[in-house]
Amino acid sequence: MKYTQLGRTGLKVSRLVLGTMNFGPQTDEAGSHAIMDAALDAGINFFDTANVYGWGENKGRTESIIGNWFAKGGGRRDKVVIATKVYGNMGTDGEVWPNHDKLSAVNIRRAVDASLKRLQTDHIDLYQFHHIDRATPFEEIWQAIDVLIQQGKIIYVGSSNFPGYKIAQANELAARRGGTIGLVSEQCLYNLYERRAEMEVIPAAQDYGLGVIPWSPLHGGLLGGVLKKQAEGGRRASGRAAETLQDPAARAKIQAYEDLADKHGLKPGELALAWLLTRPGVTGPIVGPRTAEQLTSALRAAELELSEELLAGLDEIFPGPGPSPEAFAW
């Protein structure tokens with residue numbers, strides 16, 4: 001496994017990030033623990049989760065599964081850089097109570113303590129804002145974060161789903177306040193099919209020294225060989241992938257992509273991950289395996305070397321927006 005620095009920090013993390021969103025909803029605890037063991041054995045040291053994972057009445061379940069894995073010992077916690085998130089409402093009784101979501105100082109304090117308890121650890125390595133909070137000023141957010149860092153409950157802070165201007169706003173205020181490093185990472189939707197992050201988000205992240213952590217690297221399965229799987233009677237597309245394939249032009253692009261992967265003797269899903277690893281500013285994509293076999297496929301992707309011819313072919317099928325502001329200015 002290859003490693004890199006997380007943004008401008010001294011923290012070393014693996015080029016693949018283990019996403020845990022399926023732990024609980026689709027993979028039981030024993031299976032989840034087996035995947036985490038396999039990931040650690042393969043050298044993946046960066047695990048990503050969120051307080052809301054588990055969803056519905058089971059919010060927090062994923063963090064608890066990870067916490068039970070840490071509790072097995074064997075140096076598991078010390079070897080892992082654990083990242084979790086705050087923003088979503090954690091109420092499980094069907095009621096949405098005020099101050100139990102978003103990024104107020106009150107909720108940040110409550111959410112950190114709850115995540116620490118579920119994760120069975122005394123600190124969170126990377127605490128991420130899951131979304132922007134339009135109602136809470138960054139002055140309040142950074143004040144709350146400063147206290148948690150001083151208490152040793154969190155070490156670094158990142159964002160998720162932030163636009164470029166919010167990354168700039170957050171880090172400019174952090175610099176003026178002093179005493180805090182500000183955001184060190186941005187977790188955004190970014191893949192071959194969805195490249196809008198290249199216009200503003202990724203340039204902002206690079207300018208401010210944030211590591212980029214793409215989520216949904218296969219765009220909900222769209223880039224994982226979905227057409228071939230359907231033709232062979234396998235698992236049909238759902239969610240984002242199924243919706244996209246309703247567009248004939250989009251379907252033609254995916255067919256061209258699968259044909260290009262086949263021409264080069266590569267599996268589409270592995271190619272999509274390998275492409276992200278070539279992108280400027282990318283720390284590592286989040287892979288969210290439901291099974292050990294899916295993890296093995298992701299590990300193969302990390303070892304691929306893509307030719308200039310292949311990269312050019314991918315750009316022809318999925319052209320990015322181009323540099324900003326030229327992409328929209330002229």
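Quick note: residue numbers are just sequence positions, from 1.
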When clusters are formed from ILVMFWY side-chain contacts under 4.5 Å, directly or step by step, what else is grouped with Ile155? Leu6, Leu11, Val13, Val17, Phe46, Val81, Leu126, Tyr156, Ile181, Val184, Leu189, Ile213, Trp215, Ile286
Strictly distance-based, threshold 3.5 Å: is any side-chain N or O of Lys253 a donor or acceptor partner for the main-chain N or O of Tyr193? no
Pair Phe47 and Trp69, ring centroids less than 6.0 Å apart: yes
Are any side-chain N or O atoms of Ser307 and backbone N or O atoms of Leu310, one a donor and one an acceptor, separated by less than 3.5 Å? yes
Does any non-hydrogen side-chain atom of His131 lie less than 4.5 Å from one of Ser160? no
Quick check on the 6.0 Å ring-centre criterion: do Tyr257 and Phe318 meet it? yes
Applying salt bridge (Lys or Arg N to Asp or Glu O under 4.0 Å), name anything that partners Lys153, two or more places apart in sequence or on another chain. Asp113
For Met199 and Ser324, the nearest pair of non-hydrogen atoms, with its separation, is O-CB, 2.7 Å
In the hydrophobic clustering that connects Ile, Leu, Val, Met, Phe, Trp and Tyr at side-chain heavy-atom distances below 4.5 Å, which members other than Val106 occupy its cluster, ordered by chain and number? none
Kindly write out the residues that satisfy salt bridge (Lys or Arg N to Asp or Glu O under 4.0 Å) with Asp133, not counting sequence neighbours, or none if the list is empty. none
Quick check: do Leu116 and Ile124 have side-chain heavy atoms less than 4.5 Å from each other? yes
Is a side-chain donor-acceptor pair under 3.5 Å present for Glu200 with Tyr165? no
Cation over ring, Arg77 on Phe70, under 6.0 Å and within 45°? yes
hydrophobic_cluster_shared for Leu271 and Leu304, side chain cutoff 4.5 Å: yes
Identify whether Val287 and Met1 are in the same connected component of the hydrophobic contact network (ILVMFWY, side-chain heavy atoms under 4.5 Å). yes
Can you tell me if Glu29 uses its side chain to pair, donor with acceptor, with the backbone of Ile65 under 3.5 Å? no
We want to know whether Lys85 and Tyr53 form a side-chain donor-acceptor pair, criterion being a heavy-atom distance below 3.5 angstrom. yes
Counting only N and O atoms by type, is there a donor-acceptor contact under 3.5 Å from the side chain of Asp125 to the main-chain atoms of Ile154? no
Considering only NZ, NE, NH1 and NH2 on the basic side and carboxylate oxygens on the acidic side, decide whether Glu63 and Lys117 come within less than 4.0 Å. no
Do Leu260 and His264 have side chains that get closer than 4.5 Å, going by heavy atoms? yes
So, Glu258 side chain and Val226 main chain: donor-acceptor pair closer than 3.5 Å or not? yes
Under the salt bridge (Lys or Arg N to Asp or Glu O under 4.0 Å) rule, collect the residues that match up with Arg177, sequence neighbours excluded. Asp146
Answer with yes or no whether the side chains of Gln120 and Asn68 bring together a donor and an acceptor at under 3.5 Å. yes
Is it possible for you to say whether Met21 and Met36 belong to one hydrophobic cluster, with membership spreading through side-chain heavy-atom contacts below 4.5 Å? no
With side chain to side chain donor-acceptor pair (under 3.5 Å) as the criterion, how do Asp48 and Gln128 come out once you've worked through the C-alpha distance, each side chain's angles and the decisive distance to 0.1 Å? CA-CA 10 Å; Asp48 177 76; Gln128 302 163 108; 3.0 Å; yes
Between the side chains of Asp315 and Arg195, is the shortest nitrogen-to-carboxylate-oxygen separation below 4.0 Å, so that they form an ion pair? yes
Judged by atom type as modelled, is there a donor-acceptor pair below 3.5 Å linking the side chain of Thr27 to the main-chain atoms of Ser32? no
State which residues pass salt bridge (Lys or Arg N to Asp or Glu O under 4.0 Å) with Glu305; sequence neighbours excluded, sorted by chain then number. Lys2
Short side-chain to backbone donor-acceptor contact, Asn51 and Ser115, under 3.5 Å: no
Glu198 and Tyr190 side chains, donor-acceptor separation under 3.5 Å: yes
